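All values reported here derive from a predicted model rather than from experimental measurement.
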There are 2 protein chains.
Amino acid sequence: MSVGHTAVTTEPVVSCGGEDCGIREVLDRIGDKWSVLVVVELAQGVRRFRELQRAVPGISQRMLTLTVRRLERDGLISRTVHAVVPPQVDYELTPTGHSLTHLVRALADWSAEHRDGIAESRRRWDAAHPDSGIH
Amino acid sequence: MSVGHTAVTTEPVVSCGGEDCGIREVLDRIGDKWSVLVVVELAQGVRRFRELQRAVPGISQRMLTLTVRRLERDGLISRTVHAVVPPQVDYELTPTGHSLTHLVRALADWSAEHRDGIAESRRRWDAAHPDSGIH
DNA sequence: CCGGATCCGTACCGATACTG
DNA sequence: CAGTATCGGTACGGATCCGG
């Protein structure tokens with residue numbers, strides 16, 4: 001039974017060798033499809049729901065709602081409801097959320113610096129492995 | 001039968017308001033479940049397939065294979081096959097891959113600094129919104 | 001030891017319709 | 001305007017078996 005096979009526990013665990021520990025938590029939040037784009041937009045100032053949706057073209061109402069809820073839950077953005085008609089809700093980065101923008105900036109910088117090299121590497125790899133199915 | 005990415009779906013669109021542009025590409029790579037952990041382990045030196053799998057406890061053979069293939073395709077790691085029995089394959093960060101570790105470090109630092117505050121914020125939010133279904 | 005191939009559940013996400 | 005509710009497709013990831 002399970003010879004030479006480390007116990008496949010039911011724990012999620014991850015346990016990170018010694019460098020990680022917590023990285024996954026961040027990636028689980030900002031690694032999703034929309035959070036970063038919302039944060040980037042809010043880095044420029046206060047935004048209403050509709051404004052956010054226009055600023056992030058591809059996003060659906062549903063996903064914008066879910067995204068801002070989760071960011072609010074994590075304390076990265078604040079949500080302010082104004083008792084007016086028509087309704088108005090403002091979203092704004094918290095100090096914590098603002099600190100995230102530095103990270104996002106680093107991400108953007110790294111991306112800008114290496115995107116061409118990566119694209120080139122992909123072309124070479126795809127040419128060398130025509131039917132790999134990797135993407 | 002390599003399904004090979006039929007064009008059925010999804011232009012990225014995104015078009016990023018002016019700050020982003022490329023961030024999504026990076027997150028599509030390192031934002032997945034395992035890439036960062038593999039990079040973190042390889043930051044410490046050359047590793048064989050089995051060593052990587054042991055260093056990242058939760059990962060399956062399948063996902064490790066897919067992860068290293070994609071990282072190799074992007075030019076972030078190199079793969080060296082030794083003609084011996086039993087087979088031996090070494091993985092190593094390329095210079096580009098190494099530059100990524102700085103970003104990962106920044107991620108880890110930010111995470112370490114804010115994880116408590118985030119956890120606290122989540123507790124407060126969950127207490128205030130008992131059956132929101134958000135996570 | 002290093003994978004590739006297959007089956008399959010689930011979580012994510014988009015589209016749509018409806019509410020206050 | 002700012003959401004909520006529901007449905008359905010798809011892509012991701014885990015388990016397992018098989019091969020070099």
Side-chain angles (χ1 to χ4, degrees), chain A residues 1-14 24 27-29 31-35 37-38 46-70 72 77 79-91 129 131-135, chain B residues 1-14 24 27-29 31-35 37-38 47-54 56-70 72 77 79-91 129 131-135:
Chain A
M1 342 305 227
S2 71
V3 178
H5 190 272
T6 51
V8 181
T9 65
T10 53
E11 311 298 332
V13 123
V14 175
R24 276 251 50 85
L27 267 58
D28 286 341
R29 178 60 49 231
D32 71 359
K33 200 171 181 181
W34 303 111
S35 293
L37 302 178
V38 170
V46 179
R47 292 290 186 276
R48 301 177 57 170
F49 188 87
R50 269 301 202 192
E51 292 175 331
L52 278 177
Q53 192 171 3
R54 276 190 294 267
V56 186
I59 200 171
S60 63
Q61 310 90 327
R62 171 184 147 80
M63 287 316 296
L64 181 54
T65 298
L66 285 176
T67 301
V68 293
R69 284 288 176 285
R70 292 197 274 239
E72 185 195 6
I77 70 178
R79 177 174 177 268
T80 308
V81 181
H82 301 278
V84 297
V85 290
Q88 174 172 352
V89 180
D90 288 342
Y91 293 94
H129 307 263
D131 312 327
S132 68
I134 303 292
H135 55 283
Chain B
M1 225 76 74
S2 84
V3 289
H5 197 303
T6 51
V8 174
T9 47
T10 68
E11 291 315 303
V13 122
V14 178
R24 277 252 48 87
L27 289 169
D28 286 341
R29 179 59 50 228
D32 70 0
K33 199 171 182 180
W34 302 111
S35 292
L37 302 178
V38 170
R47 292 290 186 274
R48 302 179 56 172
F49 188 87
R50 268 300 206 205
E51 292 175 332
L52 278 177
Q53 192 171 5
R54 276 189 295 265
V56 186
I59 200 169
S60 63
Q61 290 179 344
R62 169 185 149 81
M63 288 316 297
L64 181 54
T65 299
L66 286 176
T67 300
V68 293
R69 282 292 176 281
R70 292 196 276 240
E72 186 196 4
I77 70 177
R79 179 174 177 268
T80 308
V81 182
H82 300 276
V84 297
V85 289
Q88 175 172 350
V89 180
D90 289 343
Y91 295 93
H129 309 262
D131 16 287
S132 65
I134 301 292
H135 54 283

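When each of A:Arg47, A:Glu51, A:Arg79, A:Arg48 is tested with A:Asp90 by the rule side-chain contact (heavy atoms from CB on, under 4.5 Å), just one qualifies, namely A:Arg48.
Evaluation of atom-type donor-acceptor distances gives no pair under 3.5 Å for the side chain of B:Arg62 against the base of C:dG3.
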Pairs under 3.5 angstrom only: tabulate donor-acceptor contacts from the side chains of residues 63-70 of chain A to other protein residues two or more places apart or in another chain.
| from | atom 1 | to | atom 2 | distance (Å) |
| --- | --- | --- | --- | --- |
| A:Thr65 | OG1 | A:Gln61 | O | 3.0 |
| A:Thr67 | OG1 | A:Met63 | O | 2.6 |

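If you find the closest nucleotide of DNA chain D to A:Thr65 and to A:Pro87, the one lying nearer the 5' end belongs to A:Pro87. Nearer the 5' end of DNA chain C, as judged by each residue's closest nucleotide, is the contact made by B:Arg79, out of B:Arg79 and B:His135. Comparing B:Val81 and A:Asp32 by the nucleotide of DNA chain C whose heavy atom lies nearest to each, the residue mapping closer to the 5' end is B:Val81.
C:dA15 atom P lies 9 Å from atom CD of A:Gln61, rounded to whole Å. Atom CD of B:Gln88 is separated from atom P of C:dC1 by 11 Å (rounded to the nearest Å). Rounded to whole Å, the distance from CD1 on B:Ile59 to P on D:dC12 is 15 Å. With rounding to whole Å, A:Met63 atom CE is found 16 Å from D:dC7 atom C1'. The CZ-C1' distance, from B:Arg50 to C:dC1, rounds to 7 Å in whole Å. For B:Arg70 and D:dC12, the CZ to C1' distance is 9 Å, given to the nearest whole Å. Atom P of nucleotide C:dC12 and atom CZ of A:Arg29 are separated by 10 Å, given to the nearest angstrom. Protein atom CG of A:Leu52 is 9 Å distant from nucleotide atom P of D:dA2, rounded to whole Å.
Nearest to the side-chain atoms of B:Phe49 among the listed nucleotides D:dC1, D:dG3, C:dC2 stands C:dC2. In this structure, of C:dC1, D:dG3, D:dC1, it is D:dG3 that holds the atom nearest to the side chain of A:Arg69. Taking every side-chain heavy atom of A:Pro86 into account, D:dC1 is the closest of C:dG4, D:dG3, D:dC1.
Shown here for B:Ser60 and B:Gln53, the closest heavy-atom pair between the two residues is C-NE2, 4.0 Å. Closest of all the heavy-atom pairs between A:Asp32 and B:Arg24 is O-NH1, 3.2 Å.
We find the CG-NZ distance between A:Leu27 and B:Lys33 to be 12.5 Å, quoted to the nearest 0.5 Å.
Proximity of A:Phe49 to A:Leu52: side-chain heavy atoms (C-beta onward) are nowhere separated by under 4.5 Å.
Heavy-atom neighbours of A:His82 NE2 from other residues, nucleotides or ligands within 6.0 Å: above the threshold of 12.
Two end axes, each from the C1' atoms of five base pairs, can be drawn for the helix from C:dC1-D:dG20 to C:dG20-D:dC1; they diverge by 40°, to 10 degrees.
Residue B:Tyr91 places none of its side-chain N or O atoms closer than 4.0 Å to OP1 or OP2 of C:dC1.
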